[in-house]
Amino acid sequence: MPKVSVVFDGLVIKEVELTKQRTTLGRRPYNDIVIENLTVSGEHLALNMQSDQVTAEDLNSTNGTYIDGNAIKLHALRDGDMLEVGKYKIRFDSGQDRDNFEKTMIFKPSAAVQPIPPVPAPAPTPELHGWIKVLSGAAAGREMALTKVVTTVGKPGISVAAITQRRHGFFVHHVEGNDRLLLNGLPVGEDPSPLRHGDQIALTGTQMQFLQR
């Protein structure tokens with residue numbers, strides 16, 4: 001039977017067998033797999049099982065779902081695939097007997113065994129360095145490094161925005177409150193907008209600048 005393992009910092013913290021045609025994963029308590037973390041959307045991902053095939057479906061999540069660094073919307077899973085969901089990795093195990101193939105292999109004594117060429121190591125992902133500089137108000141001149149996957153700015157209960165760090169850059173989106181988030185003078189909603197070096201951010205009367213190197 002297929003199953004998924006929830007991995008955090010290299011440790012398996014949860015294993016779930018896929019017994020239903022549709023298994024959902026997200027932050028809300030009604031999901032089949034609940035991960036209580038801000039990097040995970042309320043309804044983030046669905047695992048759809050049909051016959052022997054399991055398909056991963058991103059449910060328009062805020063931070064996206066990735067495999068090998070590539071964002072996916074709908075992806076047929078193979079044994080050993082590793083989904084990236086916020087800070088977590090979801091490892092897929094098809095549950096099929098991997099020995100079946102080996103048991104049916106026939107080797108001819110006269111056949112020369114070809115050496116398996118080494119697999120080149122993937123190119124390292126460049127490390128991102130970003131920070132916010134406050135331009136107005138009592139905290140003018142203060143700088144805040146964006147070292148976490150999700151950094152919130154603003155005033156809780158009034159208006160809050162979130163800056164998320166992904167593999168290839170930083171994104172900002174509105175979280176809560178009536179005071180709208182402005183990016184270079186234009187309103188930003190709940191859909192993440194990419195940030196570029198020098199962008200101006202305004203929230204609750206405070207002007208900020210995004211910097212990156």
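If you read the sequence from its start, that first residue is 1, and numbering goes on from there. Atom set for the values below is all heavy atoms of this structure, side chains included, hydrogens, waters and symmetry mates excluded.
Of all heavy-atom pairs between Leu183 and Pro194, the closest is CD2-O, 4.1 Å. Looking at every heavy atom in both residues, Thr23 comes nearest to Asp32 through CA-OD2, 3.3 Å. Listed here is the closest heavy atom pair of Gly205 and Ser136: O-OG, 3.9 Å. Considering every non-hydrogen atom in both Leu195 and Phe171, the closest pair reads CD1-C, 4.2 Å. Here the closest non-hydrogen pair linking His173 and Thr164 is CE1-CG2, 4.2 Å. When all heavy atoms of Phe92 and Arg78 are compared, the closest pair comes out as CD2-O, 3.3 Å.
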Original post:
Between Val54 and Asn48, does a side chain to side chain contact (heavy atoms under 4.5 Å, CB included) hold up when you go through it step by step?
Top reply: CA-CA 5 Å; Val54 177; Asn48 302 308; over 6 Å; no
Original post:
Would Glu15 and Lys3 satisfy salt bridge (Lys or Arg N to Asp or Glu O under 4.0 Å), going step by step from the backbone distance to the final call?
Top reply: CA-CA 7 Å; Glu15 289 187 346; Lys3 69 176 182 179; 3.5 Å; yes
Original post:
Going through the distances and angles, do Glu43 and Arg27 end up as a salt bridge (Lys or Arg N to Asp or Glu O under 4.0 Å)?
Top reply: CA-CA 7 Å; Glu43 297 176 356; Arg27 198 173 66 249; over 6 Å; no
Original post:
Does the side-chain hydrogen bond (donor to acceptor under 3.5 Å, both in side chains) test come out yes or no for Asn31 and Thr24, once each step is laid out?
Top reply: CA-CA 5 Å; Asn31 287 284; Thr24 61; 3.1 Å; yes
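In this model, no donor atom of one side chain and acceptor atom of the other lie less than 3.5 Å apart for Asn63 and Ser61.
The number of heavy-atom neighbours closer than 6.0 Å to NZ of Lys148, taken from other residues, nucleotides and ligands shown, is 12 or below.
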